[in-house]
Amino acid sequence: MIEARQLSKRYGDMLAVDGVDFSLERGEVVGFLGPNGAGKTTTMRMLTGFLPPSEGTASIAGFDIFNDPIEARRCVGYLPESPPLYPEMSVKSYLSYVAKIKDVSRGERRQAVERSLERCGLVDVRNRVIGTLSKGYRQRVGLAQAIVHEPPVLILDEPTAGLDPLQIQEIRELIAELAAPAKGETQQTVILSTHILAEVEAICRRVILIHQGCKVVDAPLSELTAEGQSLEELFVRETMGRSSAREERA
Amino acid sequence: MRHVTDVAGRELRSLFVSPVAYAVLSLFSVLAGVFFILNVAWFNDMLLRLQQFQAFDQLEMMNLNDHLITEFYGSMSVVLMFLIPAITMGLFASEKANGTEELLLTSPLTAWDIVLGKFIGGATFVAILTGIVGLFPGILFVYGDPEVGRTLSGLLGLLLTGWVYTAMGAFASSLTRSQIVAFLIALVLMLVMLLLPAMSDLGVAAGASWVGDFFRYLSANAHVERLLRGLVETSDLVYYAVVIGTFALLTKAAVESSRWR
Ligand SMILES: Nc1ncnc2c1ncn2[C@@H]1O[C@H](COP(=O)(O)OP(=O)(O)OP(=O)(O)O)[C@@H](O)[C@H]1O
Ligand SMILES: [Mg+2]
């Protein structure tokens with residue numbers, strides 16, 4: 001459903017993302033890990049078509065981001081690092097606007113909005129102006145915005161940042177439900193970045209770890225934790241080890 | 001381009017809940033009222049004075065269209081020049097500052113959906129402002145008999161001028177994430193537009209008459225003058241369409257380049 005081929009992004013002299021390759025099957029939930037500045041946000045921005053890759057390409061649900069940009073974007077629900085909200089709009093009219101520009105047909109729009117309000121626990125604040133909501137609620141509206149058109153692919157950049165423990169629990173359940181839905185609903189493929197390793201252990205079946213723009217780990221979670229090591233140990237070893245190796249070379 | 005109306009509708013609704021729109025609307029109405037009263041007083045004064053000096057042939061020449069409505073439209077076009085940038089400065093800049101640019105550019109929208117939607121949102125607001133201007137000459141029809149055709153074609157000239165300013169302001173807003181910078185760029189563009197006749201004279205003085213002709217065609221003056229005289233000509237309408245279209249193209253290029261940076 002998501003395929004990245006040699007994705008690279010160069011900012012001036014710096015390679016923020018360096019030839020990242022991966023391929024996700026339908027229904028996979030993948031944790032996208034890496035230290036600050038590793039290139040997670042940049043990679044996600046390239047997948048969603050917000051940033052053009054300097055080299056390489058990607059395809060979403062079979063649509064190439066260069067050749068079929070509109071089709072590819074239609075298949076993506078995207079929660080950016082900072083939720084893209086209009087502070088002066090009410091929650092409901094905002095979601096209804098997003099549904100419109102994401103090509104949800106007029107007849108299904110109302111239901112789609114209701115459903116995303118419900119799923120993200122926003123029913124009580126549906127008529128509130130977004131600018132007056134707390135940070136956690138704004139994050140929820142951002143998530144609701146990403147799922148309102150029920151896209152086959154979800155790209156979530158730190159979806160649980162700023163949420164309370166209870167809400168984190170609910171969002172995790174929601175993500176699990178999206179990937180393994182009840183009959184008759186579309187199964188969604190999810191890639192989410194996070195710094196909370198427990199979250200990855202709770203909902204992801206596969207881990208991609210990037211460090212300084214390069215992919216260093218890509219394996220099923222079960223495999224990684226098989227030898228009794230924790231995800232945290234792996235993270236520290238992969239990211240610390242590599243950078244010291246780099247320094248030694250230099 | 002199926003989403004133009006969605007983008008335009010959201011823009012308008014957001015404008016109407018923002019304090020800027022109400023500040024502009026009320027300031028504009030007050031200024032329109034003040035300028036209208038000033039123009040009426042000036043017109044009255046002229047009549048009285050001409051009577052006093054018994055300048056009957058000049059008195060004969062005085063009419064509501066030339067000496068009141070046209071003057072009033074002229075004052076209002078200057079007011080629009082300063083207020084429209086305040087309306088347009090947020091069109092693109094605020095999307096960048098909010099982070100909502102990331103939503104727009106990752107949705108299945110074309111660049112034209114975004115650019116035309118934004119322009120139409122702003123242009124509708126400017127049409128409302130022009131409508132307010134139109135109310136005042138309406139009063140004159142109760143007490144006098146201005147020419148309907150000229151009054152309306154002059155108003156059309158004001159509307160088209162406003163839309164040119166809107167297109168310029170939208171372009172300015174697409175260049176930056178700061179609304180204040182967008183406001184200033186828009187003002188500079190409009191000042192350049194106003195200076196075109198002077199540049200045209202310079203061109204003629206320098207002996208390059210085609211440069212002079214070119215700048216004179218680019219300047220809105222000749223076009224709006226014909227509209228104020230009641231002449232609605234296709235060539236003038238084409239002029240406005242070309243200027244607005246050019247700025248729309250520039251805006252589209254700016255939006256696309258931000259996607260490809
Ligand atoms: N617009 C930009 N111009 C220049 N450099 C940039 C730009 N955006 C990101 N970078 C750089 O690219 C690198 C990767 O940044 P990115 O935001 O993708 O990291 P991240 O993995 O999402 O980090 P975090 O965990 O802090 O969110 C960083 O070194 C960052 O400074
Ligand atoms: Mg990030």
Side-chain angles (χ1 to χ4, degrees), chain A residues 9 11 41 44-54 60 63 65-66 68-90 93-106 109 129-131 138 141-142 145-146 148-149 151 153 155 157, chain B residues 1-24 87 89-118 120-121 125 177 179 252-261:
Chain A
K9 182 72 194 178
Y11 288 114
T41 300
M44 290 179 151
R45 285 180 161 173
M46 290 191 283
L47 292 176
T48 55
F50 180 67
L51 274 182
S54 308
I60 303 285
F63 299 108
I65 57 168
F66 282 109
D68 286 312
I70 302 276
E71 287 297 330
R73 280 184 245 144
R74 187 176 291 136
C75 296
V76 175
Y78 175 39
L79 172 63
E81 203 160 39
S82 54
L85 308 175
Y86 296 97
E88 72 279 1
M89 291 178 96
S90 77
S93 59
Y94 169 71
L95 290 177
S96 157
Y97 169 68
V98 175
K100 266 188 231 168
I101 62 173
K102 301 279 183 182
D103 288 331
V104 177
S105 70
R106 184 185 291 269
R109 217 174 282 151
V129 173
I130 292 173
R138 268 181 276 174
V141 179
Q145 160 284 127
V148 68
H149 54 306
V153 169
I155 297 179
D157 202 348
Chain B
M1 296 216 284
R2 292 162 303 127
H3 290 296
V4 171
T5 49
D6 298 335
V7 176
R10 198 212 66 77
E11 199 58 53
L12 257 188
R13 252 174 291 141
S14 277
L15 263 180
F16 272 103
V17 296
S18 76
V20 173
Y22 287 98
V24 167
I87 295 296
M89 63 186 183
L91 284 179
F92 294 91
S94 72
E95 302 261 4
K96 294 181 204 181
N98 271 346
T100 44
E101 189 190 27
E102 233 169 317
L103 168 65
L104 272 187
L105 295 184
T106 59
S107 293
L109 300 175
T110 63
W112 278 123
D113 281 323
I114 300 171
V115 170
L116 291 183
K118 294 276 176 187
I120 290 171
F125 192 84
R177 56 171 51 244
Q179 300 204 23
K252 176 175 171 273
V255 168
E256 282 177 340
S257 85
S258 80
R259 203 203 285 274
W260 296 116
R261 212 176 292 140

So, taking the atom named [atom1] in [X] and the one named [atom2] in [Y], what distance separates them when rounded to the nearest 0.5 Å?
X: A:Tyr97; Y: B:His3; atom1: OH; atom2: NE2; value: 9.5 Å
X: B:Asn98; Y: A:Glu88; atom1: CG; atom2: CD; value: 7.0 Å
X: B:Thr106; Y: A:Leu47; atom1: OG1; atom2: CG; value: 12.0 Å

Is there a side-chain contact between [X] and [Y], using heavy atoms and a 4.5 Å cut-off?
X: B:Leu103; Y: A:Lys102; value: yes
X: A:Phe50; Y: B:Leu104; value: no
X: A:Tyr94; Y: B:Arg10; value: no

query: If you count heavy-atom pairs under 4.5 Å between each of A:Leu79, A:Thr48, A:Ile101 and chain B, which one has the most?
result: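 Winner by heavy-atom pair count: A:Ile101.
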Considering all heavy atoms of both residues, which atom of [X] and which atom of [Y] are nearest to each other, and what is their separation?
X: A:Pro84; Y: B:Gly99; answer: CB-O, 3.4 Å
X: A:Ile70; Y: B:Leu109; answer: CD1-O, 3.6 Å
X: B:Glu102; Y: A:Arg45; answer: OE2-NE, 3.0 Å

Please state whether the side chain, the backbone, both or neither of [X] comes within less than 4.5 Å of a heavy atom of chain B.
X: A:Glu71; value: neither
X: A:Val98; value: side chain
X: A:Tyr78; value: side chain

Do A:Arg73 side-chain atoms and B:Ser107 backbone N/O form a donor-acceptor pair below 3.5 Å?
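Yes, the answer is positive, given that a donor and an acceptor are paired below the 3.5 Å cut-off.
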